[in-house]
K.L.:
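Quick one: this structure, given as structure tokens, is what I'll be asking you about.
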Amino acid sequence: MSSTAPAPGPNRHPLVLAAGRAHPELAKNVAKELGIDLLGVSAYDFANSETYVRFSESVRGMDLFLLQSHTMPVNQWIMEQLLMVDAAKRASAHSVTVVAPFFGYARQDKKSRGREPISARLIADLFKTAGADRLMSVDLHTAQIQGFFDGPVDHLWAMPILVDYVRTRVDVDNVTVVSPDAGRIRVAEIWASKLGGGPLAFVHKTRDVTRPNQSVANRVVGDVEGRDCVLVDDLIDTGGTIAEAVKVIMAAGAKSVTVAATHGVLSGPAQKRLTECGAREVVVTDTLPIEDGRRFPNLKVLSIAPLLASAINEVHSDGSVTSLFDGNS
């Protein structure tokens, strides 16, 4: 295969996909879906931890898509992607699209207290300053982050992939979709409509903004007794919030709980918590790499590569990314 896709029409620029070192398996799968080879990239760290990157082939006049998911160590991979953007602009790429399936610092999207940064805005500014023309990501923590980047943003939804799988694992005539907090009720409503229009519920919780990754699930509001519950969220980090929510839902009489989330961060104690919380299955996508040591028996990882490839094709051909989501993205 070639590292460039044919131009979709006269006077078009070839499509090229390059990736950093954060999630090579996902990059290879996206390239396979696109029917092209990844552009060669030389990347390594100097002894003092500075990063070096260089494209192995010319990118002049290309529509270049730079894929890097901001997994741990987050700062290193963001910096590597920034350097790749700068290298591409200096090498006369026609356009540069930053593809960040998981967008680092997305949870820091507002000031909860005085003297805090709005870190998600800063990351968006850094990519723009480096020379990115466009940003593509999957299930941003909040939709407002789209407005932080001064240019087009393609906000993809993993929901179709997750729903198609979950539908095969539950009794759709006996499903209650549960939001982990009141703030994600709108997402739960869309889930419920796609699973047959069953009832909704949410977990009432409290959070101390001075203590990261900690919240208290108090009670479930809604009809869950005797029902197959689907608990939906955008990400699972240390697993504390989700694990406590599962316990509260089961204590309220639920028949089963299936957890569905886009991003499996799975930091620290997440593996133990999610194994022991009582969830029948935890379903995530591979927007982030999940090594064997962080996996557990009831974890299911779905591929996000087909969605990313479809969106990249739509952007490159001046098509409609929104059409991939029934006009809802």
Side-chain angles (χ1 to χ4, degrees), residues 22-23 25-26 68-78 100-109 119-120 137-142 158-159 161-162 165-166 169 177-181 183-184 187-188 191 202-203 205-218 220 229-251 254 256-304:
H23 198 347
E25 182 179 0
L26 177 59
Q68 182 91 300
S69 206
H70 303 159
T71 186
M72 298 177 285
V74 175
N75 296 338
Q76 177 180 0
W77 303 134
I78 290 175
F102 179 78
F103 189 78
Y105 290 89
R107 282 175 285 180
Q108 298 183 48
D109 60 344
S119 306
S137 191
V138 182
D139 285 336
L140 293 165
H141 188 59
T142 55
M159 187 184 298
I161 295 170
L162 293 165
Y165 176 78
V166 170
R169 307 292 290 171
V177 177
V178 185
S179 170
D181 54 53
R184 297 190 66 80
V187 174
W191 263 88
F202 72 91
V203 176
K205 70 179 183 181
T206 54
R207 182 185 296 275
D208 184 348
V209 297
T210 67
R211 305 177 69 186
N213 298 112
Q214 292 190 36
S215 65
V216 177
N218 298 313
V220 61
C229 294
V230 180
L231 179 63
V232 298
D233 208 348
D234 62 325
L235 66 88
I236 305 173
D237 191 350
T238 60
T241 297
I242 291 295
E244 289 304 311
V246 170
K247 293 175 183 177
V248 167
I249 295 167
M250 292 300 293
S256 69
V257 180
T258 298
V259 177
T262 302
H263 309 294
V265 182
L266 305 183
S267 305
Q271 180 188 44
K272 184 174 188 295
R273 287 172 171 174
L274 296 171
T275 300
E276 298 175 353
C277 69
R280 181 169 67 180
E281 193 168 21
V282 178
V283 186
V284 298
T285 74
D286 62 349
T287 55
L288 293 163
I290 305 175
E291 301 82 8
D292 290 342
R294 292 192 293 135
R295 299 199 178 207
F296 44 93
N298 58 332
L299 177 69
K300 176 67 176 180
V301 182
L302 305 176
S303 175
I304 201 72

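Small disclaimer: the values here were computed from a predicted structure and weren't measured.
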K.L.:
Would you say the side chain of Pro180 lies within less than 4.5 Å of the side chain of Val203, judging by non-hydrogen atoms?
P.N.:
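The answer is no; the side chains never approach within 4.5 Å.
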K.L.:
Could you state the interatomic distance from OG1 (Thr262) to CG (Leu302), rounded to the nearest 0.5 Å?
P.N.:
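The OG1 atom of Thr262 sits 10.0 Å away from the CG atom of Leu302.
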K.L.:
For the residue pair Ser119 and Gln108, what are the closest heavy atoms and their distance?
P.N.:
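For Ser119 and Gln108, the tightest heavy-atom pair comes out as OG-OE1, 2.8 Å.
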K.L.:
Within the distance-only criterion (no hydrogens, no angle test), does the side chain of Arg273 pair as donor or acceptor with the backbone N or O of Thr238 below 3.5 angstrom?
P.N.:
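Yes, Arg273 side chain to Thr238 backbone: donor-acceptor pair under 3.5 Å.
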K.L.:
Indicate yes or no for a side-chain donor-acceptor contact from Gln68 to the backbone of Ala22 under 3.5 Å, with no hydrogens or angles considered.
P.N.:
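Present.
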K.L.:
May I ask you to test the Asn75-Tyr105 pair for a side-chain heavy-atom distance under 4.5 Å?
P.N.:
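Sidechains of Tyr105 and Asn75: in contact.
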K.L.:
Please lay out, stage by stage, how Ile242 and Val282 fare under the test side chain to side chain contact (heavy atoms under 4.5 Å, CB included).
P.N.:
CA-CA 10 Å; Ile242 291 295; Val282 178; over 6 Å; no
K.L.:
Of the non-hydrogen atoms in Pro101 and Ser69, which two are nearest, and what is the gap between them?
P.N.:
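So the minimum-distance heavy-atom pair works out to CB-OG, 3.8 Å.
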K.L.:
How many angstroms lie between CG in Leu162 and NZ in Lys300, if you round to the nearest 0.5 Å?
P.N.:
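Output value for this atom pair is 12.0 Å.
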K.L.:
Hey, could you give me the CD1/CG distance between Ile236 and Leu288, rounded to the nearest 0.5 Å?
P.N.:
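So the CD1 of Ile236 and the CG of Leu288 are separated by 11.5 Å.
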K.L.:
Looking at every non-hydrogen atom in both residues, tell me the closest pair between Leu274 and Asn298 and how far apart they are.
P.N.:
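So the two residues come closest at O-ND2, 3.5 Å.
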K.L.:
Would you say the side chain of Met159 lies within less than 4.5 Å of the side chain of Val187, judging by non-hydrogen atoms?
P.N.:
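Answer yes - side chains close enough.
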K.L.:
Treating Thr258 as the side-chain partner and Glu281 as the backbone partner, does any N or O pair qualify as donor plus acceptor under 3.5 Å?
P.N.:
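No, the answer is negative, given that no donor and acceptor are paired below the 3.5 Å cut-off.
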K.L.:
Looking only at heavy atoms, what is the nearest atom pair of Ser179 and Ala188, with distance?
P.N.:
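Answer, listing the atom of Ser179 first, then Ala188: CB-CB, 4.0 Å.
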K.L.:
Can you tell me how far the CZ atom of Arg295 sits from the CG atom of Leu266, to the nearest 0.5 Å?
P.N.:
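Answer for the CZ-CG pair, Arg295 versus Leu266, is 9.5 Å.
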K.L.:
Looking at every heavy atom in both Thr285 and Ala158, which two are closest together, and how far apart are they?
P.N.:
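Smallest heavy-atom distance, with atoms named: CG2-CB, 4.1 Å.
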K.L.:
From Arg280 CZ over to Arg169 CZ, what is the distance, rounded to the nearest 0.5 angstrom?
P.N.:
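Between atom CZ of Arg280 and atom CZ of Arg169 there are 7.0 Å.
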K.L.:
Quick one: are Asp234 and Arg184 in side-chain contact, heavy atoms under 4.5 Å?
P.N.:
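Counting from C-beta outward, Asp234 and Arg184 do come under 4.5 Å.
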K.L.:
Any ring pair (Phe, Tyr, Trp, His ring centres under 6.0 Å) involving residues 257-290? Give me the pairs, sequence neighbours left out, ordered by first then second residue.
P.N.:
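Counting only pairs at least two positions apart or across chains, the ring pair (Phe, Tyr, Trp, His ring centres under 6.0 Å) contacts touching residues 257-290 are Phe102-His263.
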K.L.:
Looking at every heavy atom in both Ile78 and Gly104, which two are closest together, and how far apart are they?
P.N.:
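For Ile78 and Gly104, the tightest heavy-atom pair comes out as CD1-CA, 4.3 Å.
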K.L.:
Between atom NE2 of His23 and atom CG of Asp286, what is the distance when rounded to the nearest 0.5 Å?
P.N.:
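Atom-to-atom, His23:NE2 and Asp286:CG are 5.0 Å apart.
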K.L.:
Just wondering, more than 12 heavy atoms not from Glu276 lying within 6.0 Å of its CD?
P.N.:
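More than 12 within 6.0 Å, yes.
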